[in-house]
J.: 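The structure's right below; bear with me while I get my questions together.
Keep in mind that this is a model prediction, so the values were computed, not measured. Just so it is clear: chains get the letters A, B, ... in the order the sequence lines come, proteins before strands, and each one is counted from 1.
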There are 2 protein chains.
Amino acid sequence: MGATMKDIARETGLGLATISSYLNGGNVREKNRIKIEEAIEKLHFEVNEVARGLKTNRTKTIGIILPELNNIFFSEIITAAEDLLRSHGYATMICDCRSDVKREEEAAEFLLHRRVDGLIMMPTGAEKKVFDRFRKSGRPVVLIDRRMENGDCDCVLVDNEGAAQNAVKRLMKKGHKKIGMITGPDNVYTARERQRGYELAIQESSKARSAQQSDLKGKTDRTDTKLLADGNYTIAGGAKAMRKLYEDNPDMTAVFISNYEMTVGAMMEINDLGIKVPEELSVIGFDNMDFARAVVPRLTIVTQPTEEIGQAAANLLLSHLEDKDETSDKTSDKIETTETIWLKTGFVEGESVADIS
Amino acid sequence: MGATMKDIARETGLGLATISSYLNGGNVREKNRIKIEEAIEKLHFEVNEVARGLKTNRTKTIGIILPELNNIFFSEIITAAEDLLRSHGYATMICDCRSDVKREEEAAEFLLHRRVDGLIMMPTGAEKKVFDRFRKSGRPVVLIDRRMENGDCDCVLVDNEGAAQNAVKRLMKKGHKKIGMITGPDNVYTARERQRGYELAIQESSKARSAQQSDLKGKTDRTDTKLLADGNYTIAGGAKAMRKLYEDNPDMTAVFISNYEMTVGAMMEINDLGIKVPEELSVIGFDNMDFARAVVPRLTIVTQPTEEIGQAAANLLLSHLEDKDETSDKTSDKIETTETIWLKTGFVEGESVADIS
DNA sequence: CTGAAAGCGCTAACAC
DNA sequence: GTGTTAGCGCTTTCAG
């Protein structure tokens, strides 16, 4: 098959070390450099990264485990991460676990055998032990989007709570008081955070009101559970939740939907019910600009900085990888502190929120 | 780090060949088998696929090059292919070339160095030489979606022409005569095919008509170019093309849009123009069920069997890979005939086509 | 069925 | 700087 270093050593009459040195950016005498380059050209030599990996115990490959590749939110993140990683010479092995915990574990096992140098993971339900074997063998792990329970692990997160709180506050500023929310499943980290943001906004406003109206003081206006409906982060769930909210709350003037799939579902249902947006109902959705722009009226949405998330994860990983290359083996098992990067969400105004103040 | 075969040989008192045989499914004496399994358990041994790859010259890794990971059509294909490949023990290295020919070449180079066993590629603009180096070194290549010009290469294609023709015919059956089409860029294979399907349908119907009306016989009714508008396969392009068609053809009653992005763009424009679908204009779009269902009225669309495309590509590749494992080295350079798999598109009825017959 | 030994293509001391 | 040498962890003859 392909020519090896030995071949080009023979061709040039030089030793293996010289060739290796050349290939790795070392100093080589000018005329030898030319000879080597000619031989490489002539023999179509290309380094065998597999052999190099065996020797250096570094595959220059990053594993990525995610719940669903076929999902705009994740694929945007991966695109950014893969791009950055590859520009640093790293390949990525992507494993889609279809939101299945068992498959997720298998994927981790698979990547472990492949000896990837590091792991980026958007956990489905993985327990700590799943990725702890990576870290025990000195390979860095970066979590995205969802935090582990006992999470002493690097991660890149978005301020879900703040984003939801902000969205709801904006509705309030436009005079909305009865605001519904379509929530995600309880067992998903981001879903809980977003719900908490909503609740904080509601509580804050009721506190402000009770401060003004002294007669109401002390009376705590808790979240009205009728205004919450679980949409399970799916299209069908979002549609069903929308209907429920609408039927249970005739006086609701606005709804906040906390992920993209549910936003699609809710819009379908809104259309089926013949509700006019924003005249009869104001809507704030989540993620995916394209969809928001294709709907009538254009949707006001919370956006997540997918590109930055992917880049942040890749950079975090790369910094660990490069650290390790520099420090000697003796210090490599020093206790590393974990880092959490928080990124801000965005907000894009459409025409789906009415001012009723 | 991890234990090696040597460690478990020492632990069990057996030779390396026995361990290797066990690991590769060979026959091992029962009591030795147990000893080996215990040692593996105790030492947490796991095969090093990198070393194995160096020895066998087979990395069990497939390279995938695609124009855009962040695209539902491609990501659905990849998801299916990756799934199947991984169930056969193959990892996938995905390279997103951002629809850039230069990046595409770099990706091929990159994967070549990584010694992937095969390549799945959805070409952006790659010339034959880009992947010919794979095939020269005996590694199979499967092309998806777009055919190469001088294409003696395995590929998985969809009957774009037939799909477009069928869509237009369905419009005709409902009484539509002035049917517009939003086309893709000339230099993309699928765009040309879809346009040809449209033209065939138009020509066929005019022939049928002229057969009935003898006075028109011989008068060839060619495609009316005013009814074609290039949308560049993008959202913005689709919107612009929609507007042009609408302005140029006051009597147009239906439009066929030939990819997903342009469908989104066209819908945006249709909404901006205040056109009522299907009362004033019938619409047939392309790809992406979710979008079709979220729009009012539900869109009638042509669908592509993305899952099957991915599976077909993976299977084609796997069949070559397994062939090679079985034949001896002497026969491995036999001339292989290339195979092309054609898949049928689907059609999902929505409520965006009116019967005006 | 099992053991010994060679070697895949590369890097990394170590001498010169 | 450059050549020599010894492996990285595995598979694979070849004997026994």
J.: Does this structure show an ion pair linking A:Arg133 with A:Glu109, if we count only N-O contacts that are shorter than 4.0 Å?
T.: yes
J.: Output the rounded distance in Å from CD1 (A:Ile36) to P (D:dG1).
T.: 13 Å
J.: Using a heavy-atom cut-off of 4.0 Å across all strands, would you classify A:Tyr22 as base, sugar-phosphate, or nothing?
T.: nothing
J.: Under 4.0 angstrom, heavy atoms only, what part of the nucleic acid is B:Val47 near: base, sugar-phosphate, or nothing?
T.: sugar-phosphate
J.: What protein N or O atoms touch nucleotides 1-4 of chain C N or O atoms at under 3.5 angstrom, if any, and at what distances?
T.:
{"from": "C:dT2", "atom 1": "OP1", "to": "B:Arg29", "atom 2": "N", "distance (Å)": "3.4"}
{"from": "C:dT2", "atom 1": "OP1", "to": "B:Arg29", "atom 2": "NE", "distance (Å)": "3.2"}
{"from": "C:dT2", "atom 1": "OP1", "to": "B:Asn32", "atom 2": "ND2", "distance (Å)": "2.3"}
{"from": "C:dT2", "atom 1": "OP2", "to": "B:Arg29", "atom 2": "N", "distance (Å)": "3.1"}
{"from": "C:dG3", "atom 1": "OP2", "to": "B:Gly15", "atom 2": "N", "distance (Å)": "2.5"}
{"from": "C:dG3", "atom 1": "OP2", "to": "B:Thr18", "atom 2": "OG1", "distance (Å)": "2.5"}

J.: Is a donor on one side and an acceptor on the other found under 3.5 Å between the side chain of B:Asn70 and the backbone of A:Ser75?
T.: no
J.: Is B:Lys35 salt-bridged to B:Glu38, going by a charged N under 4.0 Å from an acidic O?
T.: no
J.: Round to the nearest Å and state the distance from A:Arg10 atom CZ to D:dG3 atom C1'.
T.: 16 Å
J.: Round to the nearest Å and state the distance from B:Leu54 atom CG to D:dT12 atom C1'.
T.: 14 Å
J.: May I ask you to verify if any side-chain N or O of B:Thr56 is less than 4.0 angstrom from the OP1 or OP2 atom of D:dT11?
T.: no
J.: Using a cut-off of strictly less than 4.0 Å, decide whether A:Asn48 has a side-chain nitrogen or oxygen near OP1 or OP2 of C:dC8.
T.: no
J.: How many whole angstroms separate atom CG of A:Leu43 from atom P of C:dG9?
T.: 13 Å
J.: May I ask you to say what A:Thr4 touches in the nucleic acid, namely base, sugar-phosphate or nothing, with a heavy-atom cut-off under 4.0 Å?
T.: sugar-phosphate
J.: Send over the distance from A:Arg58 CZ to C:dG9 P, rounded to a whole Å.
T.: 23 Å
J.: Is atom CD of B:Glu307 surrounded by more than 12 heavy atoms (other residues, nucleotides or ligands) closer than 6.0 Å?
T.: no
J.: Output the rounded distance in Å from CG (A:Asn57) to P (C:dA12).
T.: 11 Å
J.: Would you mind reading off the distance between B:Glu46 atom CD and D:dC10 atom C1', rounded to a whole angstrom?
T.: 15 Å
J.: Does A:Lys6 put a side-chain nitrogen or oxygen below 4.0 Å from OP1 or OP2 of C:dG7?
T.: no
J.: Sort out for me which residue in B:Met122, B:Met121, B:Glu105 forms a side-chain contact (heavy atoms from CB on, under 4.5 Å) with B:Ile65.
T.: B:Met121
J.: Looking only at atom types and distance, does a side-chain atom of A:Thr12 sit under 3.5 Å from a main-chain N or O of A:Ile8, one as donor and one as acceptor?
T.: yes
J.: Would you kindly check whether a donor in the side chain of B:Lys55 faces an acceptor in the base of D:dG9, or vice versa, at under 3.5 angstrom?
T.: no
J.: Taking the basic N atoms (NZ, or NE/NH1/NH2) and the acidic carboxylate oxygens, is any pair closer than 4.0 Å for A:Asp83 and B:Arg103?
T.: yes
J.: In whole angstrom, what separates A:Met5's CE from D:dG3's P?
T.: 12 Å
